[in-house]
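The structure appears right after this line, and notes come after that.
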Amino acid sequence: MARQRPLNEVVFLTVAEVASVMRVSKMTVYRLVHSGHLPAIRVGRAFRVPEQAVHEYLRESYLGVEVGGERPSDGA
């Protein structure tokens, strides 16, 4: 589990910034937030995502690609 940082040390990103970091559309970020896969806070009508949460999501997603050091078979 990630260590908790004091709120004054947390860097929050906008949806557009998250989309840029992840190289996806803003709609994809909204889907991740609404599905609960990416934590966010609501500020007025906008969302802010902790930068660390984006990095953790990408790290977990990347590590989940190869299980046990094996790559998925292409059927050949």
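Just one of Val18, Val11, Val10 meets the side-chain contact (heavy atoms from CB on, under 4.5 Å) condition when paired with Glu51; it is Val11. Under the side-chain contact (heavy atoms from CB on, under 4.5 Å) test applied with Phe47, the options Val29, Leu38, Val15 reduce to a single match, Val15. Only one option out of Ile41, Val49, Val43 pairs with Phe12 in a side-chain contact (heavy atoms from CB on, under 4.5 Å); it is Ile41.
Considering every non-hydrogen atom in both Ala53 and Pro39, the closest pair reads CB-CG, 3.6 Å. When every heavy atom of Lys26 is checked against every heavy atom of Ala19, the shortest pair comes out as N-CB, 3.9 Å.
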For a side chain to side chain contact (heavy atoms under 4.5 Å, CB included) check, start with the C-alpha distance between Arg48 and Thr14, then their side-chain angles and the critical distance, and finish with the verdict. CA-CA 5 Å; Arg48 296 293 183 265; Thr14 66; 3.8 Å; yes
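Remark: Arg42 CZ is packed, more than 12 non-hydrogen atoms of other residues, nucleotides or ligands lying under 6.0 Å away.
Of the inter-residue distances, the one linking His55 atom NE2 with Met22 atom CE reads 11.0 Å to the nearest 0.5 angstrom. The CD atom of Glu9 sits 11.5 Å away from the CD atom of Gln52 when rounded to the nearest 0.5 Å.
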